[in-house]
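Comments concern the structure below.
Start at 1 and go down the list; that is how both ligands and their atoms are numbered.
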Amino acid sequence: MHVDHLIIGQGICGTFLSWYLQKANRSYVVIDEANPNTASRVAAGIINPVTGRRIVKTWMIDEVMPFAQNAYEKLGSALSLKAIEHKNIIDFFPTPQMKLAFHHRYEKDRQYLSIPAEQTKWKNYFNDDFGFGEIAPCLLVNISGILSAYRSRIVQQLQEEKFNIDLLRYDKDLIHYKDIKAGSVIFCDGAAGAGNPFFKLLPFAVNKGEVLWIECNELPLSNIFKYGINLVPWKENIFWVGSSYEWDFQNDLPTELFKEKTIAHLKRLLKVPFKVIDHKASIRPATLERRPFIGFHPVYKNIGIFNGMGTKGCSLSPFFAEQFAQHIAHGLPLQADVDISRFRNILTKTSQYIP
Ligand SMILES: Cc1cc2nc3c(=O)[nH]c(=O)nc-3n(C[C@H](O)[C@H](O)[C@H](O)COP(=O)(O)OP(=O)(O)OC[C@H]3O[C@@H](n4cnc5c(N)ncnc54)[C@H](O)[C@@H]3O)c2cc1C
């Protein structure tokens, strides 16, 4: 079999990259091992325009959010599913300091923040002692639905197996893997990228996140609720509750500690009954400087990477997949702060490690 591109991984990155390469009339094969606990399969799907305790505007959000909305609507219509919807965040203030921080930011920039007048609105559901603000517009991506529907759509171009990098052969023009010959291989392998021999010297800063799914019949599905952690309407009476950020971890397994702490937090927070129905953990492919890793290796020129989306895969991957596909198909430039050529010196050293 001869294709233009061999893509490793069908998380949100491999999904959008193959989608845009196809639009650019490129042929591809995707190899994905169907691990149910990868970042994209565990993610909530939130696109939040503000970030962190200081509630600052998320990097590039004014460009990537409208792009993402449009991209998910088009992908959803091709897959016959509702891929994205508006779900604003009700941001409860856990402390008087957080209330002050929100009000302070609101005075400076009101583009995405508001302070609703009706501060008793959620009193029947939450112990919200210090009130709340609202973050809008926010989007919620049906990421699990998209990944499985897209997988069925590309079934002819998909090989469900673990890619074994030891079997990869390459020369100047062609990649060889088992019976596949490809013009290039592009790794969309998420957190596994941090151990990929071609790219492991890039400054990855992978971190672990844990999540609970709870059944809660009385909580409204109208919003995402944030109170230290997020409660995200998942489907019917199910909420996604998470997540943690751990930089020092032994494995990607869920822990009793997170479960116990989160249940205790929910008991303090919620006035309505709930039941835990699932618990998962996954590793985020985050990077030290919080910018993606995109482009081709400076030494192995037909070996590429599309990775490093960190906590923002849902908003960043459509925008940059389209940019990368345009770069591949038409030679258009990659944005300098995502292009891996910024690590040319480091990556050139990688070649010493590869036979
Ligand atoms: C708990 C949690 C919550 C999150 N919530 C959000 C959120 O609300 N909004 C948001 O924007 N982002 C969120 N994120 C971050 C988001 O999940 C990531 O940015 C994004 O999913 C990364 O996508 P990816 O395709 O790069 O990696 P992945 O989703 O990890 O996909 C990589 C794929 O490659 C495959 N693969 C790897 N190695 C091999 C191999 N050797 N052979 C075959 N297949 C292989 C894996 O099986 C996987 O399918 C969250 C992450 C976590 C952990």
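- Regarding atom 53 (C) of ligand 1, its nearest protein heavy-atom neighbour is Arg284 CG, 3.5 Å.
- Backbone and side-chain nitrogen or oxygen atoms of Phe163 are examined, and one is located within less than 3.5 angstrom of a nitrogen or oxygen of ligand 1.
- The closest approach between Glu161 and ligand 1 falls below 4.0 Å for a heavy atom of the residue.
- Aromatic pair Phe199/Phe293: centroids not less than 6.0 angstrom apart.
- If you check which protein heavy atom lies closest to atom 39 (C) of ligand 1, you get Glu33 OE2, 3.7 Å.
- Proximity of Tyr245 to ligand 1 is not established, as no heavy-atom distance is less than 4.0 Å.
- Residue Val211 places no N or O, backbone or side chain, under 3.5 Å from any N or O of ligand 1.
- Between Tyr125 and Phe225, the gap from one ring centroid to the other reaches at least 6.0 Å.
- Not one N or O of Glu210 is nearer than 3.5 Å to an N or O of ligand 1, by distance alone.
- At least one N or O atom of Arg41 sits closer than 3.5 Å to an N or O atom of ligand 1.
- Ligand 1 has no N or O atom lying under 3.5 Å from any N or O atom of Phe306, backbone or side chain.
- Taking the six-membered ring for Trp, Tyr72 and Phe16 have ring centres closer than 6.0 Å.
- A salt bridge is defined here as a Lys NZ or Arg NE, NH1 or NH2 lying under 4.0 Å from an Asp or Glu carboxylate O, and Arg151 with Glu160 meets this definition.
- Looking only at heavy atoms of the protein, atom 46 (C) of ligand 1 is closest to Thr38 CG2, 3.5 Å.
- A salt bridge is defined here as a Lys NZ or Arg NE, NH1 or NH2 lying under 4.0 Å from an Asp or Glu carboxylate O, and Glu210 with Lys261 fails to meet this definition.
- Between Tyr106 and His103, the ring planes are perpendicular. Angles over 60° get that label, and only those under 30° would be called parallel.
- Of the candidates Gly242, Gly313, Gly310, it is Gly310 that places a heavy atom closest to atom 15 (C) of ligand 1.
- Interface of Met309 with ligand 1, defined as ligand atoms under 4.0 Å from a residue heavy atom, comprises 19 (O).
- A perpendicular orientation is assigned to the rings of Trp213 and Trp240, their planes being inclined by more than 60° (bins at 30° and 60°).
- For atom 9 (N) of ligand 1, the closest non-hydrogen atom on the protein side is Ile46 O, 2.9 Å.
- For Val141, no heavy-atom contact with ligand 1 is shorter than 4.0 Å.
- Heavy atoms from other residues, nucleotides or ligands lying under 6.0 Å from NZ of Lys275 number 12 at most.
- Scanning all protein heavy atoms for the shortest distance to atom 49 (O) of ligand 1 gives Asp32 OD2, 2.6 Å.
- A centroid separation of 6.0 Å or more is found between the aromatic rings of Phe126 and Tyr227.
- Protein heavy atom at the shortest distance from atom 23 (O) of ligand 1 is Ser40 OG, 3.2 Å.
- Applying the 4.0 Å criterion to heavy atoms of Gly9 picks out, from ligand 1, the atoms 33 (C), 34 (O), 35 (C).
- The aromatic rings of Tyr20 and Phe67 lie tilted to each other, with the angle between the two planes from 30° to 60°.
- Near Cys188, with a cut-off below 4.0 Å to any heavy atom, the atoms of ligand 1 are 32 (C), 33 (C), 34 (O).
- At a threshold of 4.0 Å, the pair Arg41-Asp32 counts as salt-bridged, since one of the basic side-chain nitrogens sits closer than that to a carboxylate oxygen.
- A ring-centre distance under 6.0 Å is not found for Phe130 and Phe102.
- By heavy-atom distance, the residue among Ala39, Cys13, Ala191 lying nearest atom 24 (P) of ligand 1 is Cys13.
- A salt bridge links Asp128 with Lys123: the closest approach of a Lys/Arg side-chain nitrogen to an acidic carboxylate oxygen falls below 4.0 angstrom.
- For Lys235, the NZ atom counts as loosely surrounded, since its 6.0 Å shell holds 12 or fewer non-hydrogen atoms of other residues, nucleotides or ligands.
- In this structure, the protein non-hydrogen atom closest to atom 5 (N) of ligand 1 is Ala44 N, 3.4 Å.
- Remark: ligand 1 atoms within the under-4.0 Å shell around heavy atoms of Cys314 are 9 (N), 10 (C), 11 (O).
- At the shortest separation from atom 6 (C) of ligand 1 among protein heavy atoms lies Ala43 CB, 3.7 Å.
- Considering backbone and side-chain atoms together, Gly45 places an N or O closer than 3.5 Å to an N or O of ligand 1.
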